[in-house]
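In what follows, a structure is listed as structure tokens, so that the remarks can point back to it.
Since the structure is predicted, the reported quantities are computational estimates derived from the model, not experimental observations. Lettering follows sequence order; numbering is per chain, from 1.
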Amino acid sequence: AQSVSQHNHHVILSEAASLELGCNYSYGGTVNLFWYVQYPGQHLQLLLKYFSGDPLVKGIKGFEAEFIKSKFSFNLRKPSVQWSDTAEYFCAVNAPGGGNKLTFGTGTQLKVEL
Amino acid sequence: DGGITQSPKYLFRKEGQNVTLSCEQNLNHDAMYWYRQDPGQGLRLIYYSQIVNDFQKGDIAEGYSVSREKKESFPLTVTSAQKNPTAFYLCASSKSLPYNEQFFGPGTRLTVL
């Protein structure tokens with residue numbers, strides 16, 4: 001069964017600091033990769049996704065992620081965080097052939113301080 | 001506006017009672033999903049349905065049941081057999097394969113007293 005690891009459970013940053021959240025998955029075949037974000041009191045929403053093509057994916061609100069197949073990784077980055085980026089971030093993987101099922105990581109709680 | 005609605009937002013039940021959580025979508029999506037979210041554990045799939053009148057167990061289906069009689073609706077029943085039902089429950093939907101992103105509802109927080 002596929003699994004997803006998010007190594008940083010809680011991250012605290014000051015505004016304007018750079019962000020990188022790690023995500024590793026365990027599946028040897030082709031995968032679809034996602035980052036979702038859950039702002040306080042809001043719906044879980046899609047930040048960005050990778051299906052194929054350019055491994056550097058740009059999403060909403062200045063976020064980007066890089067798919068490195070050899071490392072089974074899909075790390076999320078943002079050059080300069082804002083207080084409004086305070087949220088919980090989830091990495092998710094779908095393995096084609098497994099239906100539309102998503103496997104989520106345990107999440108990273110990001111707090112951005114002023 | 002298209003979207004997914006879940007009701008109620010907060011639900012309290014006594015131990016030993018079954019409870020049904022509502023999920024409705026007007027996105028014309030074929031597939032629907034139920035997840036459970038617990039602190040530090042991410043989202044875990046309970047059940048999913050790719051098409052009306054068909055559904056499959058996810059990773060933690062024990063103690064739960066679902067039905068999919070209409071495309072728009074995918075209610076989840078938390079039965080008394082679920083040992084630890086207090087959690088945040090999220091419903092999602094997506095277009096059919098080839099794979100498409102899932103859209104999530106606002107969730108229902110269930111507390112069993």
Side-chain angles (χ1 to χ4, degrees), chain A residues 1-11 21-25 27 29-53 57 59-60 65 74 87-109, chain B residues 1-7 9-10 23-25 27 29-51 54-61 66 68 74 87-109:
Chain A
Q2 60 200 37
S3 65
V4 179
S5 297
Q6 290 183 244
H7 312 296
N8 316 101
H9 299 295
H10 291 90
V11 174
L21 301 182
C23 173
N24 288 90
Y25 63 92
Y27 182 75
T30 303
V31 291
N32 300 316
L33 298 156
F34 305 82
W35 276 97
Y36 281 86
V37 60
Q38 192 172 37
Y39 296 104
Q42 295 188 28
H43 297 202
L44 198 68
Q45 59 185 280
L46 184 70
L47 260 184
L48 46 79
K49 61 187 177 186
Y50 173 80
F51 286 2
S52 63
V57 180
I60 60 171
F74 191 55
E88 189 159 19
Y89 293 81
F90 295 93
C91 181
V93 172
N94 164 261
N100 260 356
K101 293 192 298 180
L102 277 179
T103 299
F104 282 84
T106 52
T108 297
Q109 191 73 247
Chain B
D1 285 341
I4 301 173
T5 56
Q6 291 186 244
S7 60
K9 188 173 182 179
Y10 298 97
C23 177
E24 304 277 333
Q25 55 98 0
L27 298 168
H29 286 168
D30 289 311
M32 297 186 74
Y33 315 81
W34 273 105
Y35 293 90
R36 170 180 171 140
Q37 185 178 7
D38 296 283
Q41 297 194 53
L43 280 72
R44 292 179 290 167
L45 183 65
I46 304 173
Y47 268 98
Y48 64 106
S49 168
Q50 305 278 29
I51 196 168
D54 188 39
F55 49 82
Q56 289 78 39
K57 291 182 179 180
D59 300 318
I60 56 165
V66 293
R68 187 84 187 278
F74 191 40
F88 189 52
Y89 291 87
L90 287 167
C91 179
S93 70
S94 73
K95 294 180 182 178
S96 297
L97 298 170
Y99 192 79
N100 282 280
E101 67 191 78
Q102 293 182 19
F103 294 83
F104 286 81
T108 292
R109 187 165 297 281

Completion exercise
For B:L43 and A:F104 the tightest heavy-atom approach is O-CB, 3.6 Å
Problem - Validation row: A:L102, B:Y35 side chains within 4.5 angstrom (heavy atoms) - result: yes
Practice task
Check each atom of A:E88 against the heavy atoms of chain B and say whether the ones under 4.5 Å are side chain, backbone, both or neither.
Solution key: side chain
Completion exercise
In short, B:P106 meets A:H43 closest at the heavy-atom pair CB-NE2, 3.3 Å
Completion exercise
NZ (A:K101) and CD (B:Q50) are apart, to the nearest 0.5 Å, by 9.5 Å
Practice task
State the CG-CD distance between A:L48 and B:E101, to the nearest 0.5 angstrom.
Solution key: 10.5 Å
Practice task
Answer with side chain, backbone, both or neither: which region of A:Q42 has an atom nearer than 4.5 Å to a non-hydrogen atom of chain B?
Solution key: neither
Handout entry: Side chain, backbone, both or neither of A:L46 within contact of chain B (heavy atoms, under 4.5 Å)
Key = side chain
Completion exercise
Looking only at B:G107, B:G58, B:G105, most heavy-atom pairs under 4.5 Å shared with chain A are made by B:G105
Practice task
Check each atom of B:Q37 against the heavy atoms of chain A and say whether the ones under 4.5 Å are side chain, backbone, both or neither.
Solution key: side chain
